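Structure, as structure tokens:
Heavy-atom basis, side chains included; hydrogens, waters and symmetry copies ignored. Just so you know, these numbers come straight off a predicted model, no measurement behind them. Whatever order the structure lists ligands and atoms in, that order sets their numbers, starting from 1.
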Amino acid sequence: MPITFEVTEKDIAGRLGRLKAGHRTIRTPALLPVVNPHLQPVTAAEMQAMGAEGLITNAYIFSRSEDFRERALSLGLHRLLGFDGLIMTDSGSFQLSVYGEVEITNMETLRFQAAIGSDIFVPLDIPTPPDADRGQAERELGLTMARLREAKELLGPDAPVAGPVQGGRFQDLREEAGREVGELGFTFCPVGAVVPLMESYRYGDLVDVVTASKRGIPASSCVHLFGAGHPAMFALAVAMGCDIFDSAAYALYARERRYLTPSGSAKLDELQELPCPCRICRSHSAEEMRSSAECERLLALHNLQVSLAEISRIRQAIQDGVLWELVDERCRSHPQLLKGYRALLNHAGSLEVFDRVSKRRFFYRGSESCARTEVVRYHALMERLSLPPRVLISMDGREPPGFDLALPFRPPFGPYPQELGETFPIGQSEIPDWDEAMVCAGCRGIQRLIETHPGCRVAISCPDEWIALVRREVPGVEVVQ
Ligand code: GUN
Ligand code: ZN
């Protein structure tokens with residue numbers, strides 16, 4: 001049976017959806033916790049009880065251990081792990097990226113993944129590191145694509161195989177890879193080789209690589225961000241259009257005695273309090289957790305709950321149309337996330353086409369809000385207003401005579417006809433006292449209105465304190481006193 005994906009709601013380029021593989025369906029965005037059979041602080045059954053609808057494990061690890069290999073082949077992964085949700089398996093490509101080689105071929109790993117009852121198989125793609133030069137990125141991408149073609153040819157078009165998108169840091173290669181993977185018929189596309197970017201907090205580069213891949217991947221495909229990550233970056237990744245995460249962070253951080261929060265992490269040894277509503281944190285003091293013989297496991301349980309809860313929060317934000325607000329909040333917790341957020345805002349022009357028409361609210365949260373998709377879309381709308389010959393834009397509520405129409409002004413959007421005053425975004429926007437950034441953004445709306453209505457006389461009635469800025473931002477405009 002093919003992997004299918006259905007989108008039910010959107011916000012920015014993020015979506016709520018349903019991913020179906022075999023007879024198993026999960027809601028997206030989803031977190032697939034990584035299960036390592038050798039050292040597992042939390043069992044798969046516990047994960048299911050915590051609300052994880054799917055998990056990911058590494059087929060290569062199973063194939064290299066005689067004991068695990070035989071049990072996986074005879075019982076199947078679902079019975080072996082005690083998990084009846086969706087199980088995705090990785091191929092050994094990650095080991096390839098760490099150790100440089102693996103003792104398995106593409107078809108061997110795919111057939112093994114099928115034999116142990118995986119719901120989604122991953123071919124032996126080549127994760128090209130971000131510092132690789134163009135020649136290496138092209139060669140390795142060629143090899144990855146050949147393996148994807150081989151998988152389709154030998155397992156058939158409907159086999160539940162993921163189509164990883166590689167291409168290193170080269171945006172044109174990523175876009176082309178995304179397009180080819182789509183053309184080959186893959187409906188589930190992991191964006192690969194981004195772990196080094198996330199490990200070194202290069203969120204700006206991450207955004208550029210993922211948005212480039214997304215430009216090529218068909219909008220109807222489910223997108224998995226391979227190896228992500230920390231819950232603080234989930235909202236940013238979802239806003240770019242990532243649907244699936246496969247985090248090992250809950251276990252890796254626990255091993256280092258680190259305590260995850262939705263906005264960062266802390267050293268357990270430095271905590272006096274456990275500021276989290278989960279069952280573990282409410283039933284232990286920081287000191288009790290530290291001195292427990294089960295400390296690592298308790299931390300892993302907490303870390304996983306935090307990660308799963310963040311996914312729920314994101315799903316609700318998409319439902320309500322407030323994902324920008326959540327991204328803004330999360331990305332202010334680390335300067336490199338802020339860099340990623342700003343990189344995402346730089347792509348607002350291409351994200352706008354995916355964004356929904358109406359949302360619950362637009363909360364202004366500072367100058368970054370001026371670059372949001374809703375502002376970009378609003379400015380594009382200026383062109384479509386039909387206007388009489390003499391138009392006044394009233395920034396101060398005054399309506400001096402001599403005009404056929406007065407348009408009120410709402411920063412960061414700009415002028416608006418009365419009939420749009422109750423609709424999104426004008427009617428649902430909440431702004432504090434005007435600041436320079438938002439008035440400048442509103443002036444871009446005015447500028448656009450003027451440029452697209454050359455036969456129209458446009459004048460502005462403006463509070464004294466903003467006159468200089470308006471004259472600077474809308475050069476040559478008539479300001480009525
Ligand atoms: N895990 C983290 N990154 C990757 C990747 O690029 N490919 C595969 N197969 N697994 C990964
Ligand atoms: Zn907790």
For V122, the ligand 1 atoms with a heavy-atom partner under 4.0 Å come out as 9 (N)
Under 3.5 Å between some N or O of ligand 1 and some N or O of F94?
-> no
Quick one: which ligand 1 atoms are inside 4.0 Å of a heavy atom on G192?
-> 6 (O)
Heavy atoms, side chains only, cut-off 4.5 Å: are L141 and T128 in contact?
-> no
In the protein, what heavy atom is nearest to atom 6 (O) of ligand 1, and what distance, to one decimal place, separates them?
-> A193 N, 2.8 Å
Who's the nearest protein heavy-atom neighbour of atom 10 (N) of ligand 1, and how far?
-> D90 OD2, 2.6 Å
Has P164 got any heavy atom lying under 4.0 angstrom from an atom of ligand 1?
-> no
How about Y253 and H230: are their ring centres within less than 6.0 Å of each other?
-> yes
Specify the protein heavy atom at minimum distance from atom 5 (C) of ligand 1: its residue, its atom name, and the distance to 0.1 Å.
-> F226 CD1, 3.5 Å
Identify, by name, the N, O or S atom of H302 lying closest to the Zn ion (ligand 2).
-> ND1
Would you call P37 and T57 a side-chain contact if the rule is heavy atoms closer than 4.5 Å?
-> yes
Nearest non-hydrogen protein atom to atom 7 (N) of ligand 1, with distance, is D125 OD2, 2.8 Å
Under the 6.0 Å and 45° cation-pi test, does R372 pair with F362?
-> yes
For A348 and V376, which heavy atoms make the closest approach, and how far apart are they?
-> CB-CG2, 3.9 Å
V195 neighbourhood, listing ligand 1 atoms whose heavy-atom distance to it stays under 4.0 Å = 2 (C)
Face-on cation placement of R18 at F5 ring, 6.0 Å and 45° thresholds | no
What is the minimum heavy-atom distance between V322 and D11, and which atoms define it?
-> N-OD2, 3.2 Å
